[in-house]
Amino acid sequence: MSRPIRVVLVDDQPLIRGGFRALLDAEADIHVVGEAADGENGVAVIRRERPDVALMDVQMPVVNGVEATRQIAADPDLADVHVVILTNYGIDQYVFEALRAGAGGFLVKDIEPVDLLQAVRSAARGDALLSPAITWKLISEYVSRPQASSDARGLDGLTNREREVLALVGRGLSNEEIAEQMVISPLTAKTHVSRAMVKLGARDRAQLVVIAYESGLIEPRRMGTGRGHAPHDETGSG
């Protein structure tokens with residue numbers, strides 16, 4: 001049996017931490033290894049414990065979730081930590097900034113228990129917790145706003161295939177769906193995605209989504225779900 005998924009909880013509400021911990025620790029394959037009530041202590045705990053997943057509240061005292069995520073993303077020793085932002089309100093500017101900073105997705109705090117467990121397992125695998133419906137909302141409300149961005153850097157270094165894959169990731173397609181559309185194997189699709197991430201300096205698929213749109217590779221009006229119908233939930237593997 002592989003080792004349990006290691007999780008750190010960072011939230012200033014004790015009831016939230018306690019409820020999430022009880023739920024997660026009840027699973028044989030998940031173990032909460034640390035908690036913190038603010039971003040500063042959260043980063044310290046994460047540096048000490050090196051978890052697979054950090055569930056990070058977006059708004060906290062001392063250091064908020066956006067800045068804490070930025071510090072984690074900037075630390076090469078924490079490259080394997082997958083940050084998932086927790087929010088009460090769904091996607092907003094704070095959540096978007098956290099995704100830009102390096103978070104792999106976000107969850108609303110009133111998520112169903114079964115969906116939380118699935119999300120933690122997906123995050124541990126490196127999947128982006130952004131369904132096509134949420135990707136569309138993200139792009140239409142935030143990424144499409146004019147702003148100075150350096151995320152276009154590196155696109156010239158991508159092959160035509162990698163550009164095509166990046167565009168499909170930006171539309172919310174999974175590796176299997178990319179493979180089907182490009183008539184290649186899922187393993188080849190995964191390889192193209194991985195190479196694009198390395199060349200663009202992206203931590204995960206969520207950042208690839210942001211880069212795909214901010215670079216102008218895809219325009220919001222061309223957005224499609226890739227599944228025919230956008231799902232109604234707010235989580236999903238990328």
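The figures here come from the full heavy-atom set of this structure, side chains too, leaving out hydrogens, waters and symmetry mates. Note that the coordinates shown come from a computational prediction; the quantities given were computed from them, not determined experimentally.
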Chemist: Rounded to the nearest 0.5 Å, how far apart are CG of Asn41 and CG of Asp38?
Modeler: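 Those atoms lie 4.0 Å apart.
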Chemist: Taking side chain as C-beta onward, heavy atoms only, is Val198 less than 4.5 Å from Arg195?
Modeler: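 A side-chain contact is absent here, since even the closest heavy-atom pair is not under 4.5 Å.
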Chemist: With a 3.5 Å distance limit and no angle check, can you tell me whether Gln71 reaches the backbone of Val43 through a side-chain donor-acceptor pair?
Modeler: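 No; judged by distance alone, with no hydrogens or angles, the pair does not exist.
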Chemist: Do Val66 and Val58 have side chains that get closer than 4.5 Å, going by heavy atoms?
Modeler: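 With C-beta onward as the side chain, the pair touches.
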Chemist: Could you state the interatomic distance from CG (Leu166) to CG (Leu155), rounded to the nearest 0.5 Å?
Modeler: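 Taking CG in Leu166 and CG in Leu155, the distance rounds to 6.0 Å.
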Chemist: Could I get the full list of salt bridge (charged side-chain N to carboxylate O under 4.0 Å, His left out) partners for Arg121, not counting sequence neighbours?
Modeler: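 Glu27, Asp29.
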Chemist: So Lys199 and Thr159, do their side chains get closer than 4.5 Å, heavy atoms only?
Modeler: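 Heavy-atom side-chain distance check passes, below 4.5 Å.
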Chemist: Could you tell me whether the side chain of Arg6 and the main chain of Val32 form a donor-acceptor pair under 3.5 Å?
Modeler: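 No; judged by distance alone, with no hydrogens or angles, the pair does not exist.
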Chemist: Has Arg17 got a side-chain atom pairing as donor or acceptor with Asp11's backbone, closer than 3.5 angstrom?
Modeler: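 Present.
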Chemist: Can you list the steps and then say if Leu116 with Val120 is a side chain to side chain contact (heavy atoms under 4.5 Å, CB included)?
Modeler: CA-CA 6 Å; Leu116 173 64; Val120 167; 4.2 Å; yes
Chemist: Roughly how far, to the nearest 0.5 Å, is the NE2 atom of His192 from the CG atom of Leu187?
Modeler: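 The distance works out to 10.0 Å.
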Chemist: Checking Asn64 against Arg70 for the side chain to side chain contact (heavy atoms under 4.5 Å, CB included) test, could you report, in this order, the C-alpha distance in whole Å, the side-chain angles of both residues, the deciding distance, and whether it holds?
Modeler: CA-CA 10 Å; Asn64 63 31; Arg70 189 173 290 115; over 6 Å; no
Chemist: At their closest point, which heavy atom of Gly170 faces which heavy atom of Ala212, and how far apart are they?
Modeler: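 Answer, listing the atom of Gly170 first, then Ala212: CA-CB, 4.1 Å.
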Chemist: For Asp80, does the CG atom have more than 12 heavy-atom neighbours from other residues, nucleotides or ligands under 6.0 Å away?
Modeler: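 12 or below, so no.
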Chemist: Looking at every heavy atom in both Gly34 and Val45, which two are closest together, and how far apart are they?
Modeler: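 In this case the closest contact between Gly34 and Val45 is CA-CG1, 4.0 Å.
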Chemist: Find out whether Arg161 and Met182 are in side-chain contact, i.e. whether some heavy atom of one side chain is under 4.5 Å from a heavy atom of the other.
Modeler: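 They are in contact (side-chain heavy atoms under 4.5 Å apart), so the answer is yes.
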Chemist: When you compare the side chains of Gln181 and Glu177, does any donor N or O come within less than 3.5 Å of an acceptor on the partner?
Modeler: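 No - no donor-acceptor pair under 3.5 Å links their side chains.
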Chemist: For Glu40, which residues count as a salt bridge (charged side-chain N to carboxylate O under 4.0 Å, His left out) partner, sequence neighbours excluded?
Modeler: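 Salt bridge (charged side-chain N to carboxylate O under 4.0 Å, His left out) list for Glu40, sorted by chain: empty.
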Chemist: Taking the side chain as every heavy atom from C-beta outward, state whether Asp75 and Arg47 have any pair of such atoms under 4.5 Å apart.
Modeler: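 Result yes, sub-4.5 Å side-chain heavy-atom pair found.
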Chemist: Measuring only between side-chain heavy atoms, which start at C-beta, is Val10 closer than 4.5 Å to Leu55?
Modeler: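 Contact flag for Val10/Leu55 side chains = no.
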Chemist: With rounding to the nearest 0.5 Å, note down the distance linking CG in Leu23 to CZ in Arg21.
Modeler: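 The CZ atom of Arg21 is 13.0 Å from CG of Leu23, to the nearest 0.5 Å.
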Chemist: Can you find a heavy atom in the side chain of Val84 that is under 4.5 Å from one in the side chain of Val53?
Modeler: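 Of all side-chain heavy-atom pairs linking Val53 with Val84, at least one is under 4.5 Å.
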Chemist: Spell out, yes or no, whether Val63 and Val81 are grouped together once hydrophobic residues are joined by side-chain heavy atoms under 4.5 Å, including indirect joins.
Modeler: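 No, it is not one cluster - the side chains of Val63 and Val81 are not joined through contacts under 4.5 Å.
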Chemist: Do Glu97 side-chain atoms and Tyr94 backbone N/O form a donor-acceptor pair below 3.5 Å?
Modeler: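 No, the answer is negative, given that no donor and acceptor are paired below the 3.5 Å cut-off.
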Chemist: For Asp77, does the CG atom have more than 12 heavy-atom neighbours from other residues, nucleotides or ligands under 6.0 Å away?
Modeler: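 Yes, CG of Asp77 has more than 12 neighbouring heavy atoms, counting only those of other groups under 6.0 Å.
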Chemist: Tell me, with the steps shown, if Leu24 and Leu9 meet side chain to side chain contact (heavy atoms under 4.5 Å, CB included).
Modeler: CA-CA 10 Å; Leu24 296 173; Leu9 303 172; 4.1 Å; yes
Chemist: Minimum heavy-atom separation for Ala196 and Leu158, please, with both atom names.
Modeler: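 Nearest pair, atom of Ala196 first, then Leu158: CA-CD2, 4.1 Å.
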Chemist: Give the minimum heavy-atom separation between Thr69 and Ala98, together with the two atoms involved.
Modeler: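 For Thr69 and Ala98, the tightest heavy-atom pair comes out as CG2-O, 3.8 Å.
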Chemist: What distance do Leu107 atom CG and Met56 atom CE have between them, rounded to the nearest 0.5 Å?
Modeler: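 Spacing of CG (Leu107) from CE (Met56) equals 13.0 Å.
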Chemist: Specify the closest pair of heavy atoms between Ala124 and Asp52, including all atoms of both residues, with the distance to one decimal.
Modeler: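 Looking at all heavy atoms of both residues, the shortest contact is CB-CB, 4.5 Å.
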Chemist: Of all heavy-atom pairs between Pro51 and Val33, which one has the smallest distance, and what is that distance?
Modeler: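 Smallest interatomic distance, heavy atoms only, reads CB-CG2, 4.4 Å.
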Chemist: Could you tell me whether the side chain of Val8 reaches within less than 4.5 Å of the side chain of Glu35, counting heavy atoms only?
Modeler: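 Glu35 vs Val8: side chains apart.
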Chemist: If only atom types and distance count, is the side chain of Lys109 paired as donor or acceptor with the main-chain N or O of Thr87 below 3.5 Å?
Modeler: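 Between the backbone of Thr87 and the side chain of Lys109 there is no qualifying donor-acceptor contact (under 3.5 Å).
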Chemist: How far apart are the C-alpha atoms of Val108 and Asn88, what are their side-chain angles, what is the distance that settles it, and do they pass the side chain to side chain contact (heavy atoms under 4.5 Å, CB included) test?
Modeler: CA-CA 5 Å; Val108 289; Asn88 288 315; over 6 Å; no
Chemist: Quick one: which of Val165, Leu168, Val193, Thr188 gives a side chain to side chain contact (heavy atoms under 4.5 Å, CB included) with Asn175?
Modeler: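 It is Val193, the one option of Val165, Leu168, Val193, Thr188 that forms the side chain to side chain contact (heavy atoms under 4.5 Å, CB included) with Asn175.
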Chemist: Would you compute the distance between atom CZ of Arg100 and atom CD of Gln93 and round it to the nearest 0.5 angstrom?
Modeler: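 Arg100 CZ to Gln93 CD: 7.5 Å, rounded to 0.5 Å.
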Chemist: Are the side chain of Asp57 and the backbone of Met60 linked by a donor-acceptor contact shorter than 3.5 Å?
Modeler: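 No.
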